[in-house]
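The next block holds one structure in the form of structure tokens; read it before the comments.
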Amino acid sequence: MEKHDSEWEEEQKRVNGITKLLSAHIRRLSEELGLHRSDVVDMRKDFWEEVTVNFSSPDDLGETSTSLRQQAQILNERERHHLQSSKALKKYRKLVVSPYFGRIDFKETPDAETERIYLGIGSLMEDNGSFLIYDWRAPISSLYYDGAPGPAAYETPGGLVSGTMELKRQFVIDNGTIEVMFDTGVTIGDELLQQVLSHSADDRMKSIVATIQKEQNAIIRNDRSRMLVVQGAAGSGKTSAALQRVAYLLYKYREVLQADQMLLFSPNPLFNSYVSTVLPELGEENMQQTTFQMYLEHRLGQEFELEDVFSQTESLLNAPEGPEAATRRAGIAYKSSVAFLDVIRRYVNLLEHEGMLFKPLVFQGRTVVSKEEMEQKFYSFDNSIKLANRIDLMTSWLLKKTAAFSVEERESKWVEDQIELLDSSDYQRAYNMLRRKGGGRNDSFDDFDMEKTVLARYIVSQRLKPLRGWTKRGRFVDVKGLYSLLFADRNLMERLGNGRALPEEWGSICRQTVASLSRNELAYEDATPFLYLKELSQGFRTNTQIRHVIVDEVQDYSPFQLEFMRRLFPRAKMTVLGDLNQAIYAQGEVLGDLGGLVSIYGKENTEVISLTRSYRSTYEIVEFTRSMIPGGEKIVPFNRRGESPLLTVVDNEEGLLGSIEQDVLNLHSMGYHYVAVICKTAEESARVHAELQNRLPVRLVTKDTPNFQKGTLVLPAYLAKGVEFDAVIIYDGSEAKYGRESERKLFYTACTRAMHLLHIYSLGQPNHFLPAVVRESVTAGVVQR
């Protein structure tokens with residue numbers, strides 16, 4: 001028997017032993033859980049029967065309290081043990097299918113025994129406490145991802161451990177059988193990575209723990225930086241690495257960090273669904289997930305009709321070139337900039353001395369407190385008191401004024417009329433209020449005057465409740481008026497601009513903004529500055545529970561939005577991931593170099609890591625797409641070979657639809673179940689979907705689509721960000737469709753969604769972002785490979 005065969009046999013024996021042990025654990029835990037579940041149900045059912053309840057004397061009351069506490073502790077302990085056993089059972093069920101994926105042989109000193117270390121998605125220990133399988137997140141596991149046979153070292157809480165790695169071995173194990181086994185001198189052998197990457201796409205992102213690369217491991221295990229910035233090429237695994245990073249942090253800091261203290265800002269709801277299974281697959285609970293738009297809706301949705309980033313993008317993509325489009329782009333650029341952020345800050349400082357605007361307190365058409373009274377009171381406070389603190393003082397003052405008004409209002413004629421209309425339930429509520437607010441058990445409505453007084457107080461109090469709530473929320477500050485003033489008073493803006501010139505289109509920007517605000521509409525580029533002004537003037541609402549924020553597709557955020565996040569989560573560290581070549585939203589163009597993010601937490605607290613190797617697409621697709629963008633030569637394709645991208649020029653839409661129909665049928669027959677027909681806009685996607693659904697099964701993806709599903713999807717390019725497909729068909733990559741420089745990155749983003757096959761159709765002349773050699777050699781009706 002050859003050495004390789006004997007080692008394979010030895011490793012298979014070990015897998016068999018591990019599988020047998022895991023199966024025994026699974027049987028035992030399954031039985032225990034059944035018993036625990038019954039115990040917990042019975043204890044809940046019989047809880048009060050086990051407790052002696054007696055309130056006759058202080059001693060009896062103390063005995064009852066002790067009995068309740070003891071019974072609750074027993075129940076909590078049983079429930080906690082049940083939860084821990086359930087987690088262990090889930091882990092063992094995953095491990096029994098594929099116990100581990102790697103092995104390293106490590107010797108600390110020349111005289112020490114060589115330790116065999118096997119790595120899996122979870123740990124497994126013998127009864128004596130020795131590890132049969134190490135969790136991939138354990139400190140020693142970093143040797144597998146970072147090292148090669150030879151001198152090696154890894155960090156532990158106690159310091160650096162050095163030694164020699166004698167072997168690195170990789171496995172693919174399925175249902176207890178070793179399918180692939182080989183020794184390697186690099187981090188992850190191409191053979192294993194090739195196998196993983198050649199698989200079909202899926203409706204959920206998968207864990208990458210078996211194929212983590214050295215540069216990805218640096219991201220995952222980085223716990224030094226307040227802000228970690230990851231600039232990664234399309235398909236470089238930046239999002240996957242970030243999710244494994246969450247799992248790592250939850251493992252390392254499990255005593256002090258919970259999943260609900262981590263928050264992911266993702267590009268759209270579809271992406272939330274796509275990544276939702278990664279952490280549960282690794283045995284961790286999912287972190288909180290949201291989009292920035294959802295947060296804006298939560299804070300401003302009741303006051304304004306909010307535009308979202310997709311509607312903003314759709315508007316810009318469909319708008320013809322001209323003064324109006326230029327004005328909109330200039331407005332987005334300025335309102336997203338650090339310059340405008342500074343203007344808002346200086347504005348708030350100015351308002352401490354002059355210019356504060358208020359809305360009067362009005363009740364049933366009558367003014368309770370006028371704007372002039374409020375302004376006078378506001379500026380009567382000591383100048384050293386900050387604006388937000390003055391608002392708190394104003395709130396207390398206004399509530400007192402409202403309380404005084406309430407007393408006077410009880411004698412009004414309308415109150416008497418309302419008393420006559422009260423029903424029995426109103427009487428009961430009024431009586432209860434009497435008992436709560438100054439009465440005792442003997443209070444009653446025996447006295448007519450007392451009855452009238454209490455009922456009048458009840459009626460006025462109920463009617464004033466919305467006004468009191470309005471006041472407590474700081475709604476008396478006229479934030480809309482304050483924000484509008486920035487665009488109505490050029491002198492004010494120049495005063496706040498600190499010498500910086502306003503955009504040339506400022507007059508038109510102001511007209512667009514004021515018109516939108518007058519309709520109670522808030523453009524996407526206005527939402528964050530408006531909310532920032534609102535927070536600074538009314539008191540910033542911060543969230544101190546969140547300890548780590550992850551921002552995916554950070555190139556689509558403005559500096560203004562990122563600074564707002566920093567203020568919103570003051571105790572959180574941040575991991576931001578992006579690719580400047582996929583900055584497809586207008587405000588993202590303002591961010592510039594991702595290295596500029598160092599200003600948020602400072603250079604000493606920020607680390608920037610670049611991922612240049614692209615794994616998603618075949619070598620041919622990466623070679624093709626990287627030529628579309630400046631600096632694309634820095635992107636390194638992984639050597640997974642496939643078919644070259646196709647470019648087909650067609651001269652009419654009917655022929656194009658027929659060709660796509662045939663393409664899709666062929667792709668499905670080849671085993672590709674995730675196919676995307678990517679259009680430029682939502683408007684075009686809806687039209688193409690309507691045409692194609694008469695020919696074959698297709699699904700339309702919109703900004704509200706919650707799930708990523710198997711089949712053929714029709715979607716706009718900007719909704720394809722962050723996800724991947726077996727094959728991508730670009731509906732129309734013509735110069736007429738993607739001819740503007742602002743559309744280069746959108747086209748590149750659409751093309752880089754393809755894992756295995758890319759087919760670009762063009763209604764007429766292909767766009768000039770395509771490789772010149774391809775454009776020049778293609779003729780109408782001819783397929784170019």
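Owing to the predicted nature of the structure, the values given are computational and were not obtained by experimental measurement.
- Shown here is Glu285, whose CD atom has no more than 12 heavy atoms of other residues, nucleotides or ligands within 6.0 Å.
- Of all heavy-atom pairs spanning Val275 and Gln289, the tightest one is CG2-NE2, 3.8 Å.
- A donor-acceptor contact shorter than 3.5 Å links the side chain of Ser685 to the backbone of Thr681.
- Looking only at side-chain heavy atoms (C-beta outward), Met262 and Leu249 come within less than 4.5 Å of each other.
- Legend: residues meeting ring pair (Phe, Tyr, Trp, His ring centres under 6.0 Å) with Tyr295, ordered by chain and number and at least two apart, are absent.
- Side chains of Ile621 and Met755 form no contact here, defined as non-hydrogen atoms less than 4.5 Å apart.
- Remark: Ser627 pairs with no residue by the side chain to side chain donor-acceptor pair (under 3.5 Å) rule, at least two apart or across chains.
- In this structure a side-chain-to-backbone donor-acceptor pair under 3.5 Å is present from Arg137 to Ala247.
- Relative orientation of the Tyr672 and His756 rings is parallel, given thresholds of 30° and 60° on the angle between their planes.
- Residues Leu282 and Tyr251 are not in side-chain contact: their nearest non-hydrogen atoms beyond the backbone lie 4.5 Å or more apart.
- Under a 4.0 Å N-O distance rule, the pair Arg695/Glu661 qualifies as a salt bridge.
- Contact check on Arg329 versus Glu525 returns no salt bridge, with no Lys/Arg side-chain nitrogen under 4.0 Å from an Asp/Glu carboxylate oxygen.
- Ion pairing between Lys214 and Asp146 fails under the 4.0 Å rule for side-chain N and carboxylate O.
- Applying the side-chain contact (heavy atoms from CB on, under 4.5 Å) criterion to Arg93, with sequence neighbours excluded, gives Ile26, Ser30, Leu89.
- For Arg328 and Glu321, the salt-bridge test fails: no basic side-chain N is under 4.0 Å from an acidic carboxylate O.
- A donor-acceptor pair is defined here as one N or O able to donate and one able to accept, closer than 3.5 Å; no such pair exists between the side chain of Glu623 and the backbone of Tyr619.
- To the nearest 0.5 angstrom, Phe265 atom CZ is 9.5 Å from Gln288 atom CD.
- Cation-pi geometry between Lys168 and Tyr144 is satisfied (NZ or CZ under 6.0 Å from the ring centre, within 45° of the ring normal).
- For Tyr100, the side chain to side chain donor-acceptor pair (under 3.5 Å) criterion is met by Arg14, not counting sequence neighbours.
- Using a 4.5 Å cut-off on side-chain heavy atoms (C-beta onward), His548 and Met574 make no contact.
- When every heavy atom of Lys238 is checked against every heavy atom of Val230, the shortest pair comes out as CB-CG1, 4.0 Å.
- For the pair Ala234 and Arg753, the tightest heavy-atom approach, listed with the atom from each and the gap, is CB-NH2, 4.0 Å.
- Heavy atoms only, all atoms of each residue included: Thr291 and Pro267 are closest at CG2-C, 4.4 Å.
- Remark: Tyr738 pairs with Phe747 by the ring pair (Phe, Tyr, Trp, His ring centres under 6.0 Å) rule, at least two apart or across chains.
- Taking the six-membered ring where tryptophan is involved, the planes of Tyr585 and Phe310 are perpendicular, since the angle between them exceeds 60° and thus also 30°.
- Using a cutoff of 4.0 Å between basic side-chain nitrogens and carboxylate oxygens, Asp556 and Lys721 are scored as salt-bridged.
- For Leu763 against Glu653, the heavy-atom pair with the smallest separation is CD2-N, 3.8 Å.
- The pair Arg103-Glu11 counts as a salt bridge, with a side-chain nitrogen and a carboxylate oxygen less than 4.0 angstrom apart.
- For Lys91, the side-chain contact (heavy atoms from CB on, under 4.5 Å) partners two or more places apart in sequence, or in a different chain, are Leu95, Ser123.
- A salt bridge is defined here as a Lys NZ or Arg NE, NH1 or NH2 lying under 4.0 Å from an Asp or Glu carboxylate O, and Arg626 with Glu633 fails to meet this definition.
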